[in-house]
2 protein chains.
Amino acid sequence: MGEKADSELVRRQNRRIVLDALRQRGNLARVELGRATGLSPASITAISAQLIEDKIIEEVDEPMGSALTGKRGRPIVRLSLRAEATHVAVVKISIDAVSMMLADFQGRVTAERAFRIPTYGSEQATFGETLAATLASFIEEHRGKSGVARVGIAVQGLADSRSGSINWSPVFRARHVPIAPAIEKRLQVPVMVVNDANMIAEGLLSMDRESYGGNTAVVFLGYGVGMGLILNGAVYHGATGAASEFGHMNHLPDGALCRCGRKGCLEAYAADYAILRTAYGTPQDEPRMSAVDPAQMIELMNKAKAGDTVALNAYEAAGTALGFGIARTIALLNPDRIILAGPGTRALELIEPAMHRAIKDGVVDEISRHVTIEHVSFDKDMIARGTIDALLRGLVRDVFSQGPSRASATHMEFAK
Amino acid sequence: MGEKADSELVRRQNRRIVLDALRQRGNLARVELGRATGLSPASITAISAQLIEDKIIEEVDEPMGSALTGKRGRPIVRLSLRAEATHVAVVKISIDAVSMMLADFQGRVTAERAFRIPTYGSEQATFGETLAATLASFIEEHRGKSGVARVGIAVQGLADSRSGSINWSPVFRARHVPIAPAIEKRLQVPVMVVNDANMIAEGLLSMDRESYGGNTAVVFLGYGVGMGLILNGAVYHGATGAASEFGHMNHLPDGALCRCGRKGCLEAYAADYAILRTAYGTPQDEPRMSAVDPAQMIELMNKAKAGDTVALNAYEAAGTALGFGIARTIALLNPDRIILAGPGTRALELIEPAMHRAIKDGVVDEISRHVTIEHVSFDKDMIARGTIDALLRGLVRDVFSQGPSRASATHMEFAK
DNA sequence: ATTGATTATTTTGGCGTCTAAAATAATTCT
DNA sequence: AGAATTATTTTAGACGCCAAAATAATCAAT
């Protein structure tokens, strides 16, 4: 429990605090850093000198908007993360489409591209190699020899952080598709394979730790149903990286058929495809795998809003399943916040009444009364944002906080 | 994120590491402490000298069993926690019965007594005062002026750690019974109000961090159904201390009536009273509140083992509910271990088949395959053991790790 | 333009804690 | 009794922090 402390740990921790402050609050002058971190000016001078020496941060001259007007005294010199200090790569895998992007140390996207790479029908044995080759040339093209220090792969479904593979995902027909090993071998860089909803949670966390930093469940509604859990202020990945499969948490034993092949998953009631299935009276044991056209969902929504009973009932069924799922989550985890997000929330007003009823029926008042349930909308690149932030945070923790002696941006380990 | 580090933090952390090593491994000599903590002999000398000075630990002469036979060299001198350094009090509240115990810094129980204090019919306004008075005189009797440094109150149901009250419990008819404030006021000591299943988890954790230290769910089967969650190596309490109400996680919407007044809770299928209710064909919407005689459960179990179909079906229904509950927990949290414990496990062989079937039906193979499900039996004082350990751990963290200047064993805050 | 006021940053000196290495202590073995 | 062995303490030096003093860079006012 806890690790031996010595002066090395002190410096490491303080370097990390300084870098995190810059990452979270943007460029700060030394005085401001002192106030933000609680460190004395003398220490800030020493630490920042070292970080500048290590080319991790740099002084920045703010030419115009300095707002130095009227202020007496020696002007501040802001410090900023040196964008070029490192780069990371993010790969988002969707059905037969892969998007890749690079980001610098400031978290800014420096390159982005979409690839058509077959996933669903791909061979378990070759996909990783194909992806690695594509990624390698994408990185080579934009970064040349410099490469990247970390790679994050976000995908819907069951990520396995230990083996770096995707154990099950709607994106692949195959199970246990290995991803990380091929890339790690080729790029000699740590690769993390993660669930996309967890990265959305990371993104929200990076935007507003104040609000989401306690115990928050982020529910993502769309073609599937996902969840990212923030427990005690950090995104929770579970033992193997497979948490939190909210969408495949059972709603009704022996219930409607889900894409995963099991019956009664929450997703089989509340995902887009499930709502459509209910609305069109398709038998609930009929697989509904084909992609859903967003226009179709909007049409259904409008029908419901116009009073179409069948459509309304479909949303109600979704709301009930969602509500019981949330109720179960609340009973188990006693969170302080539930966030609803994703395209599925466009019909939130149709879902909400049944959802709230189910929550009321499904969990003791004494727990649920402390939970805030709210809706947040964000742009679709929240996954990328969260992944970039998680990668950079790890890099700061494992590499840049280390003293100059140990810094090595391409080391192959993820410290826990 | 993370706190400024300085030499004070270094000493605090290392003191804590040393004390934790002694708490977890028993008496150790300075060399052994060095090996256990990674600290140099010189530092161990310095730290232990200070701790001895502060009367937190002491040298111990091991007169006979020293096993010093055959060993050359200067003999070791073991250090031990000084039992008298502090005492804590644990209160377990059951229906109309309260048991209190005191434990010293080594975790040994030094006094114990059961009281008949009416709980179920008690007034919300007076119970806390009554309890405080009883506890105060119990402590006074055994500890005189020395008192205790911390109090822990363990109870079935919804603890509210923020207000120090019990928001709902089968033990009380009333809701929101305040407990901590009256005791804190009277004894001027921090009081924690916690769920008993969480303390069982603490107890297991204190016995075997190796096995249970990752992500473990401890399910307690008995008159009720409880759960203690260990996430990332620490017992998880949730936002208000109400996690994890596994027993009141909904199993079937609009299902069997539960003691909590809601319908379909897992407990309403898998608790002792529920199994009896099913077995005797009592309608599922009939409240079954009265205490269950263990003999009655054993009788039922024997009937089932003898092949009685009705009894078997009752256990099967319990197994199914339990299994789906576990499946949902696995989907949400991806634990690496599920522990079944409590008197209800005496009929485990009757419950297990249906339980495993439900788990198989309720969660994707790819997650459940990594989960170990096992049964552990322990003596009934695991709650006390866990509570004592949690209290002492907090005391070490908040008080004894502090340098001599700040140590004050009766400070009123719980640091988080 | 010079001087003083003001604010930012760096330098200096001292403190606390750690470690390695040397010294000391307490035994057993021969 | 002396040598060998193991435990603990002492010594000397390193590192990081902080407070206070010194320096730097600006604005304001005469």
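Labels below follow one simple rule: chain letters A, B, ... track the order of the sequence lines, proteins then strands, and each chain is numbered from 1. Values in this document were obtained by computation on a predicted structure and should not be read as measured data.
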Round to the nearest Å and state the distance from [X] atom [atom1] to [N] atom [atom2].
X: A/Gln402; N: D/dG16; atom1: CD; atom2: C1'; result: 16 Å
X: B/Ile17; N: C/dT17; atom1: CD1; atom2: P; result: 15 Å
X: B/Asp61; N: C/dT27; atom1: CG; atom2: P; result: 12 Å
X: A/Glu8; N: C/dA20; atom1: CD; atom2: C1'; result: 16 Å
X: A/Arg15; N: D/dC17; atom1: CZ; atom2: P; result: 11 Å
X: B/Arg12; N: D/dC17; atom1: CZ; atom2: C1'; result: 14 Å
X: B/Arg11; N: D/dC15; atom1: CZ; atom2: C1'; result: 16 Å
X: A/Ile47; N: D/dC18; atom1: CD1; atom2: C1'; result: 12 Å

For this session: Could you tell me which residues satisfy side chain to side chain contact (heavy atoms under 4.5 Å, CB included) with B/Ala103, sequence neighbours excluded, listed by chain and number?
Result: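 Partners of B/Ala103 by the side chain to side chain contact (heavy atoms under 4.5 Å, CB included) criterion, ordered by chain and then number, come out as B/Val88, B/Ile388.
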
According to a strict under-4.0 Å criterion, is [X] in side-chain N/O contact with OP1 or OP2 of [N]?
X: A/Asn14; N: D/dG16; result: no
X: A/Ser43; N: D/dC18; result: yes
X: B/Ser7; N: C/dT17; result: no
X: A/Lys4; N: C/dC18; result: no

Exercise. Within the structure shown, what part of the strands sits under 4.0 Å from B/Ala5 by heavy-atom distance: base, sugar-phosphate, or nothing?
Worked result: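 Since only primed, P, OP1 and OP2 atoms lie under 4.0 Å of B/Ala5, the category is sugar-phosphate.
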
For this session: Would you sort out whether B/Arg15 and B/Gln402 count as a side chain to side chain donor-acceptor pair (under 3.5 Å), showing the intermediate values?
Result: CA-CA 8 Å; B/Arg15 271 173 82 119; B/Gln402 242 61 40; over 6 Å; no

Non-neighbouring partners of [X] that pass side-chain hydrogen bond (donor to acceptor under 3.5 Å, both in side chains), sequence neighbours left out:
X: A/Asp389; result: A/Arg23
X: A/Asp208; result: A/Ser211
X: B/Ser161; result: none

Problem set entry | Minimum side-chain heavy-atom gap B/Asn198-B/His237 below 4.5 Å |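 They are in side-chain contact.
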
For this session: With sequence neighbours excluded, give me every salt bridge (charged side-chain N to carboxylate O under 4.0 Å, His left out) pair touching residues 32-44 of chain B.
Result: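 Qualifying pairs: B/Glu32-B/Arg78.
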
Exercise. Within the modelled atom types, does a donor on one side and an acceptor on the other bring the side chain of B/Arg72 and the base of C/dT28 under 3.5 Å apart?
Worked result: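 Yes, a donor-acceptor pair under 3.5 Å.
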
Pull out every protein N or O sitting under 3.5 Å from an N or O of nucleotides 8-10 of chain C, one pair per line with the distance.
| unit_1 | atom_1 | unit_2 | atom_2 | d |
| --- | --- | --- | --- | --- |
| C/dA8 | O4' | A/Arg74 | O | 3.2 |
| C/dA8 | N3 | A/Arg74 | NH1 | 3.2 |
| C/dT9 | OP1 | A/Val77 | N | 2.9 |
| C/dT9 | OP1 | A/Val77 | O | 3.4 |
| C/dT9 | OP2 | A/Arg30 | N | 3.3 |
| C/dT9 | OP2 | A/Val31 | N | 2.8 |
| C/dT10 | OP2 | A/Arg30 | NE | 3.0 |
| C/dT10 | OP2 | A/Thr45 | OG1 | 2.9 |

